[in-house]
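Predicted, not measured: the structure shown is a model, and the values here were computed from it. Below, chain A is the first sequence line, B the second, and so on; all start at residue 1.
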Amino acid sequence: MLTEGEETERGADRREKDMGTPTDQQDRRVATADRRHENNRQYATFFLDTHYLGVEVENVQEVFTAKAMTPVPLSDPMIAGLINLRGHIIMTIDLRRRLGFDDRPPEDEVMSIVVRTSDGPVNLLVDRIGDVIEVRPDLFESAPPTLESRLKASIDGVYKLEDSLLLALNTELASEVI
Amino acid sequence: MEEEEESILDEFLVECSEGLEQLDQQFVALEQNPTDESLLGSIFRSVHTIKGTCGFLGLPKLENVAHGTENILSAMRDHDMDVSSDGITVLLEAVDVIKEILEHIESERREPDKNYDVVRKNLDDFLAASTDPEAVAPITEAEAALMREMAGEDEVIIDDLDENKSSEETAIPEEANGAEEVEAVVQGVEGVNEISEVSPEVTLPSPPKKSPEPVSKVPAATKTKKKLSLAESSIRVDVGLLDKLINMVGELVLARNQLLQQVRQQTETSPSNASSGTVQQINLITTELQDTVMKTRMQPIKNVWDKFPRVVRDLARANGKDVDLVMEGAETELDKTLLEAIKDPMTHIIRNAADHGIELPELRRERGKSEKGTLLLKAYHEGGHINILISDDGAGINVDRVKNKAVEKGVLTQDMADKMSERESLNLIFHPGLSTAEKVTNVSGRGVGMDVVKTNIEKIGGTVSMSSRIGEGTQMRIEIPLTLAIIPALMVTSGNEPFAIPQASLLELVRVDEESRNQIEVIRGAHFYRLRGVLLPLLYLNEVLALEPPQVSEDDIHSKGTNIVVLRAGDHSFGLVVDTVNDSEEIVVKPLSRQLKDLSYLAGATILGDGRVALILDVVGVALEGRLSGDEHDAGLTVEADALSNDEEGSATMILFSMNEEDRYAIPLSEVARLEEFDLDKIEQSAGQDVIQYRDELLPLVRLGDALGVMTSGEENDRIPVIVFSRHEKSIGVIVGRIIDIVEAEMHLHATPSEKIGVKGSLVIDGKTTDLLDIEQLIDCVVPGWLQEMAV
């Protein structure tokens, strides 16, 4: 008999492995990318509303289904609360609120991405987890000036992928409560 | 190979630093107790170990100084030289040089370029001068020159003739073979007589020993044995490793708790569960493991205090003072990180005490004190805290001088200074940039320090306070928590969230049943609870933190009553109303993210047995968040007359009450001294007048219902509300039905339909007609002459 928490943790470990060491399937996908560039970067992607975002794989500690957290009264609304991650207390930021999106519908599933920052690990709440993808540096462009200011202030720039735009999130900036 | 050498060097450095830490203290102890042979032996061994290893590692300069030191010690041990204050000073200086060289080796991985021959020469000179004063004879120029030449060489001069003596123990200069030469060495220093005079302890010069101690090999043998046993009983462990171990045990505890919960559930469904015994055992082992691992972080305060005897001795000598350092409770243990944190603040306080606190011997004699000043260090546990007292019997702090200095430096105005209490003035010492030292010395009196001491102590959750009496001395009290890692806390819930309240600020728990709910008073939206006759301000945690109210039905709330946690915040107390009070638990304090540090009510977070995160409340912060200042609390209902508007036009603060729930009356609060509640059966009769014993006096009571000619409800209650009025240092109590509220109301008086005695007119307050009472007229009516009598 497993508690919900343990199930989630196991799931997290599985996913973590998926992210850290690409499986064969991922290898194949990577193979299709342009291999001439040695400066290719790997991004762990996720969705916020209709937007496609990513954080660099080396900054990701783990990913799991969001678990119950302890709210912090009187704190900034973008701080969703505190979670216990194997004995460490980690602050959780609702990325939708942080980046100025509308709140997600309450019935929607929420995912957690724990990223490493200079101030220790921070848990980011996102909508859906995407694949780990490898991008070529020449697809990069700095953030368009017309982008909404809160969003623009938290991303490094944009990768122009074939069928979509990937917003490259700066984990240091995004985990800063302003 | 290189690496191996490096690691040997590191090991050597660690070993040396441990030995040297003790050396300072041992030397001071030896000075006080010069005949302690075992102490001398221990010092000798420490120095000898350093010297021996130096030779092995190829550190000639260090070896040279250590060797010189060892020679003096050897002479002392063999009774060729007496242990004198001057000798100790020379030795301590040498130890300082050894430290200096070691530090250089640690950072640069090689010996410093500096030449230390002078140090060695000083040591040798001292040795030569102090040994066998009787043998002093005039020396020739040639002999002196020979001696100097030899001293300059990297060899050893010693009062020992025996060549057979182990070269490790006491290396013998090959040149110093002949008796003549050795004699030259012994006598080869000028000013021998002077030095003997300086050390008055040398009263009985020990007979010269020209033959070596035959037992000199024995101590070396026992030394090896002792060292072995020491190495067996303790090992050095990296602190990082210990921290990791503690974290892991913390997680184990959490996993254990979850396991216990699951087993409990399983046992409920299938009672015959075989694994419960094993689980119980795991439970016990885990608890024990946790206790033991936590102990690894605890260290005796002695580790910090050990360096103080040297500090005090040096300071006292430099200033020509005589200071006795007494240490009590050195075995008191506290967390390693706390120990580190109090090191510098304590050093500073002790230096201050020795430098400024304790007076010069002549001055002490003039003041009728013993010439020797005493500096007392005392540490002890008390209620989850560790108290450290540092007291001296010195001059004390001149409060006026502190104030003057503060005014001079523009810290406060003369007016402010005049109004300050003695305690407040003393606290000015902790103000940045204030120092009362008449002259700046090289150790203290630069005006930086006491404020740093205070902030450093507060950083670890401690407090510093001081008291001082002119001419009698000064006492500093440092109060720090036992450990930062684990604290006892009361677990409560509010708004469905768990919170931990540190036990240190907990005074008591009060549960108010629904029936006695009327003991909770509401005055202008502020809640108070009558706790043993004192009004305790109440804060509702869910309101302070804007939490959702608990999801319970109206009936539940009524059956539950009100849980009040009475807390101490600084100098005052308040009641925190929570939904439920759970167990008291030992909680592991976890640090919070930097971004949450601004929340004043939050002291940290912890992980509960079920894995949930609970916030730890900062009691002072909660009081601040609830806008509860000490002044408001103290004021309670004792309202100062001039604080409130007594203006008949405009608005005034009114106390609203009712006699029988149908009527409403108001009295300006400015006329009221206090609100009280008395037990009905405490009311007594005196000369046909209701009285009650109140504040050691008899308080006459007036039934307002009788005076107004109205029914008074609530008389059947055990406790009755009384409004106390004071005129000319006399008080009178007016019994009313029920106190409703205190409100701010416009003074728009309407004439009453039928004129009643004691009613000035009607007011509309909160949409209800309220009679404004003329309380003096009423009292005059019931107790004729009371006011007049008072007026006389």
Item to complete: Step through the shown structure and confirm whether more than 12 heavy atoms of other residues, nucleotides or ligands are within 6.0 Å of CD on A/Glu107.
Response: yes
Worksheet item: Is the CD atom of B/Gln281 crowded by more than 12 outside heavy atoms at less than 6.0 Å?
Response: no
Practice prompt. Determine yes or no for a side-chain-to-main-chain donor-acceptor pair under 3.5 angstrom, with B/Tyr601 supplying the side chain and A/Pro73 the backbone.
Written response: yes
Worksheet entry | Taking every non-hydrogen atom, the tightest pair across B/Leu596 and A/Met91 | CG-SD, 3.8 Å
Item to complete: Step through the shown structure and confirm whether more than 12 heavy atoms of other residues, nucleotides or ligands are within 6.0 Å of CZ on A/Arg104.
Response: yes
Practice prompt. Give a yes or no on whether B/Lys244 atom NZ has more than 12 heavy-atom contacts from other residues, nucleotides or ligands under 6.0 Å away.
Written response: no
Worksheet item: Atom CG of A/Asn84 and atom CG of B/Leu608: how far apart are they, to the nearest 0.5 Å?
Response: 9.5 Å
Fill in: Close side-chain approach of B/Leu602 and A/Leu74, heavy atoms under 4.5 Å
no
Worksheet item: Which heavy-atom pair separates B/Glu497 from A/Thr70 by the least distance, and what is that distance?
Response: OE1-CG2, 3.9 Å
Discussion item. For A/Ile83 versus B/Val613, what's the shortest heavy-atom pair and its separation?
Written reply: C-CG2, 3.6 Å
Discussion item. Looking at B/Glu288, I want to see if its CD is surrounded by more than 12 non-hydrogen atoms of other residues, nucleotides or ligands under 6.0 Å.
Written reply: no
Worksheet item: How long is the gap from CD on B/Gln595 to OG on A/Ser175, to the nearest 0.5 Å?
Response: 6.5 Å
Item to complete: Give the minimum heavy-atom separation between A/Val72 and B/Leu599, together with the two atoms involved.
Response: CG1-CD1, 3.4 Å
